[in-house]
Number of protein chains: 2
Amino acid sequence: MEGQINCSDCTNKLCYIQQHCSPNWVSILSASKNQLWYKKGQYIFREGDRIFGLYFVERGKVKIISTGLNNKEQIVRLATTGHVIGHRGYGSETYPIGAVALEDTQVCFLDNEIIYDAFMNNPKFTIALMMFYSFELRKTEIRERHLAQMTIREKIADTLLYLKEIFGMNSADGSLSATLSRQEIADIAGTSAEQVIRELSDFESEKLIAKNGRKLLLLNVDGLFKIVAAHNRNRYSAAWHSIDSNSFPQN
Amino acid sequence: MEGQINCSDCTNKLCYIQQHCSPNWVSILSASKNQLWYKKGQYIFREGDRIFGLYFVERGKVKIISTGLNNKEQIVRLATTGHVIGHRGYGSETYPIGAVALEDTQVCFLDNEIIYDAFMNNPKFTIALMMFYSFELRKTEIRERHLAQMTIREKIADTLLYLKEIFGMNSADGSLSATLSRQEIADIAGTSAEQVIRELSDFESEKLIAKNGRKLLLLNVDGLFKIVAAHNRNRYSAAWHSIDSNSFPQN
DNA sequence: GTAAATTCCTGCGAAAACTCAGATTCTGTC
DNA sequence: GACAGAATCTGAGTTTTCGCAGGAATTTAC
């Protein structure tokens, strides 16, 4: 089941390796990489693990978590096809965060040594990775303000929009592609599951969303935007929630 | 007053350019850079400004802010000597954040074009920048959890420790090197100035700190650590609040 | 398809945090 | 050193958010 696909046969066109490494280095990394499959709920890495390399998400959905008091999880970031999780470590550094598959997920792992050689020989690859982290940093800084300043209602509306932007929704019925538990939505919004449930019920009675079991349908995306709009004057853009590698500089 | 110092005469040994570019490129960048001075309170760049390049902090203290509803500021990050603020932009991208000098500050500016050429020709420089952003991202992710899960008391204790780690304190009397207003402390902790004042009074009566006008003295750093320790089991380290460029890989 | 387990939902009392108003202290300037 | 303006401090009422408990619905396992 876990045959290693060669990069030349890979269908993921968002992969930084494919996009920014020389053909020669694509071959080298293709031979060096370790393709891994994770089932829903499995850890890709845990807080405290030694860092051995980088993970490139080829397919699937991942939550990046930081665990606090009483094992309360905070989901600090979501990742999907084309994203990078983990980071090159140094010394005996360990991950301060963990990564868990939200559905069946495939990643390519490259260890510290080979990735360092790839960086040294493929400047555009390194630049692309640098801009990825820089971009994620800016997004996280905006989220930092949102967590500090938004009301619960606003945080939950913001979370639904975040889920739509990163994982997408079915344009026919408006159903979100990712189905998270109420607790997981709370772990993104920074509140409790009860508050999420209450607010989702309010949104439903306001015809902003509909519930189909655990699955959520966004009936009125503009209405959700209006709830958070005052916090994003002049600068809110879907770009803050999505990756568009084609926007990266190619000059 | 604003004579351009040559990089070869610069005393900032934490500068990524000095550390990771070839001698030839240090000369090129030295000639291309624009040294800028900012007085306390001045903007280095504002939210909405076009992005023209990168700023390297040579000396001073800087707050990175994100402005929300009713112009309420969130300080998302603090920076000092050796840090990079801003980031390479693409297209007509604008800053979603602003940077303000907390005291008289000197920065070196390099525009997008020259920095791109430097990246293409100095792989170690690019890697160092990539790791800087990656490291800042991890720190911001931890802060994200803290903002979501800590009580006001804990957030304020955490903020005092953050100020100590990033800007330092006088080891003789324990006074923090940076003097921020109560409102600015609130803008870091994610609360109101009143709550900060109340909590600082509590800390004072508990002999954890002393107040000397606006200046704060940390009398019992361990005591402050104990307040936040439960949120940082197994992994809290001063490293999360400071930059040590010597830890970056040199191999 | 049925049962067990988990997740979801609702109400309510308690706790935490917020905001306003007014008094006091500090800071910078002349 | 005195003054004006700004920042800090304190109290009190209000609002928001939390967290438990119990019941309903949904999902999972067999």
Side-chain angles (χ1 to χ4, degrees), chain A residues 39-41 68-74 102-104 146-160 175-176 178-206 209-217 227 231, chain B residues 39-41 68-74 102-104 146-160 175-176 178-206 209-217 227 231:
Chain A
K39 290 202 172 296
K40 179 174 178 172
L69 196 53
N70 302 129
N71 291 317
K72 183 161 172 46
E73 281 184 8
Q74 178 67 31
L102 286 169
E103 62 177 41
D104 292 4
H146 286 180
L147 281 170
Q149 300 188 353
M150 281 183 170
T151 65
I152 294 293
R153 176 180 169 84
E154 292 163 343
K155 287 180 198 174
I156 294 171
D158 202 50
T159 299
L160 296 181
S175 61
L176 286 173
T179 302
L180 279 69
S181 70
R182 304 297 190 251
Q183 183 61 56
E184 284 174 324
I185 294 173
D187 292 341
I188 299 173
T191 184
S192 63
E194 293 96 321
Q195 303 284 19
V196 170
I197 288 161
R198 270 184 258 278
E199 208 58 62
L200 290 182
S201 295
D202 288 352
F203 287 164
E204 189 173 34
S205 62
E206 295 171 45
I209 68 166
K211 289 186 278 191
N212 181 4
R214 190 175 298 179
K215 211 161 181 57
L216 297 177
L217 318 187
I227 292 173
H231 289 271
Chain B
K39 291 201 172 297
K40 178 175 178 172
L69 197 52
N70 303 129
N71 291 317
K72 183 160 170 48
E73 280 184 9
Q74 178 67 30
L102 285 169
E103 62 177 41
D104 293 3
H146 287 180
L147 281 169
Q149 299 188 354
M150 281 182 169
T151 65
I152 293 295
R153 176 178 170 85
E154 292 164 342
K155 287 181 198 174
I156 294 170
D158 202 50
T159 299
L160 296 181
S175 61
L176 287 173
T179 302
L180 279 70
S181 70
R182 305 297 190 251
Q183 183 61 56
E184 284 174 323
I185 294 173
D187 292 342
I188 299 173
T191 182
S192 63
E194 292 96 324
Q195 303 282 21
V196 170
I197 288 161
R198 267 184 257 280
E199 210 56 62
L200 290 182
S201 297
D202 288 353
F203 286 164
E204 189 174 34
S205 61
E206 295 171 46
I209 68 167
K211 288 186 277 189
N212 181 4
R214 191 175 297 178
K215 212 159 180 57
L216 297 177
L217 318 187
I227 293 173
H231 289 271

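Every chain is numbered from 1 and lettered A, B, ... according to where its sequence line falls, protein lines coming before strand lines. From a predicted model like this one, the values you see are computed outputs, not experimental measurements.
For the atom pair CD1 (I188(A)) and CG (D158(A)), the distance works out to 10.5 Å, reported to the nearest 0.5 Å. To the nearest 0.5 Å, atoms CE (M150(B)) and NE2 (H231(B)) are separated by 5.0 Å. If you take CG on L180(A) and CZ on R214(A), they are separated by 9.5 Å, rounding to the nearest 0.5 Å.
Partners of K72(A) by salt bridge (Lys or Arg N to Asp or Glu O under 4.0 Å), not counting sequence neighbours, listed by chain and number: D187(A). With sequence neighbours excluded, the residues satisfying side-chain contact (heavy atoms from CB on, under 4.5 Å) with A210(B) are L217(B), L219(B). With sequence neighbours left out, K215(A) forms a salt bridge (Lys or Arg N to Asp or Glu O under 4.0 Å) with no residue at all. A189(B) pairs by the side-chain contact (heavy atoms from CB on, under 4.5 Å) definition with K155(B), I156(B), T159(B), T191(B), not counting sequence neighbours. With sequence neighbours left out, the salt bridge (Lys or Arg N to Asp or Glu O under 4.0 Å) criterion links E194(A) to no other residue. Not counting sequence neighbours, the partners of S201(A) by the side-chain hydrogen bond (donor to acceptor under 3.5 Å, both in side chains) test are K211(A). Residues satisfying the side-chain contact (heavy atoms from CB on, under 4.5 Å) test with T151(A), not counting sequence neighbours, are R153(A), E154(A). The side-chain contact (heavy atoms from CB on, under 4.5 Å) check on A157(B) picks up F203(B), L224(B), I227(B), V228(B), with sequence neighbours excluded.
Q149(A) places its CD atom 11 Å from the P atom of dC18(C), with the value rounded to the nearest Å. As rounded to whole Å, 12 Å separates atom P of dA16(C) from atom CD1 of I152(B). Atoms NZ (K211(A)) and P (dT26(D)) sit 10 Å apart, rounded to a whole Å. Between L200(A) atom CG and dC8(C) atom C1' the separation is 10 Å, expressed in whole Å. Taking atom CG of residue L147(A) and atom P of nucleotide dT16(D), one finds them 19 Å apart after rounding to whole Å. Look at CD on E199(A): it is 13 Å from P on dC9(C), rounded to the nearest Å. The distance from atom CD of E154(B) to atom C1' of dA17(C) is 14 Å, rounded to the nearest whole Å. Note: CG (D202(B)) to P (dG11(D)) measures 11 Å, nearest angstrom.
The side chain of T191(B) contributes no N or O atom lying less than 4.0 Å from OP1 or OP2 of dA17(C).
Counting only heavy atoms from C-beta outward, the side chains of L147(A) and Q74(B) never approach each other to under 4.5 Å. At a threshold of 4.5 Å between non-hydrogen side-chain atoms, the residues E206(B) and D202(B) count as touching. Counting only heavy atoms from C-beta outward, the side chains of K40(B) and D104(B) approach each other to under 4.5 Å.
Of the residues in residues 181-189 of chain A, those lying under 4.0 Å from DNA chain C by heavy-atom distance are S181(A), R182(A).
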What string of B, S and - do you get for nucleotides 19-25 of chain C, 5' to 3', if B is base contact, S is sugar-phosphate-only contact and - is no contact with any protein heavy atom under 4.0 Å? BB-----
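Both A193(B) and M150(A) lie near DNA chain D, and the one whose nearest nucleotide falls closer to the 5' end is A193(B).
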Using atom names, set out every protein N or O paired with an N or O of nucleotides 27-30 of chain C below 3.5 Å, distance rounded to 0.1 Å.
none

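Residue I197(B) is classed as a base contact, given a heavy-atom separation below 4.0 Å to a base.
Over its full length, the helix from dG1(C)-dC30(D) to dC30(C)-dG1(D) turns its helical axis through 70°, comparing axes from the five pairs at each end and rounding to 10°.
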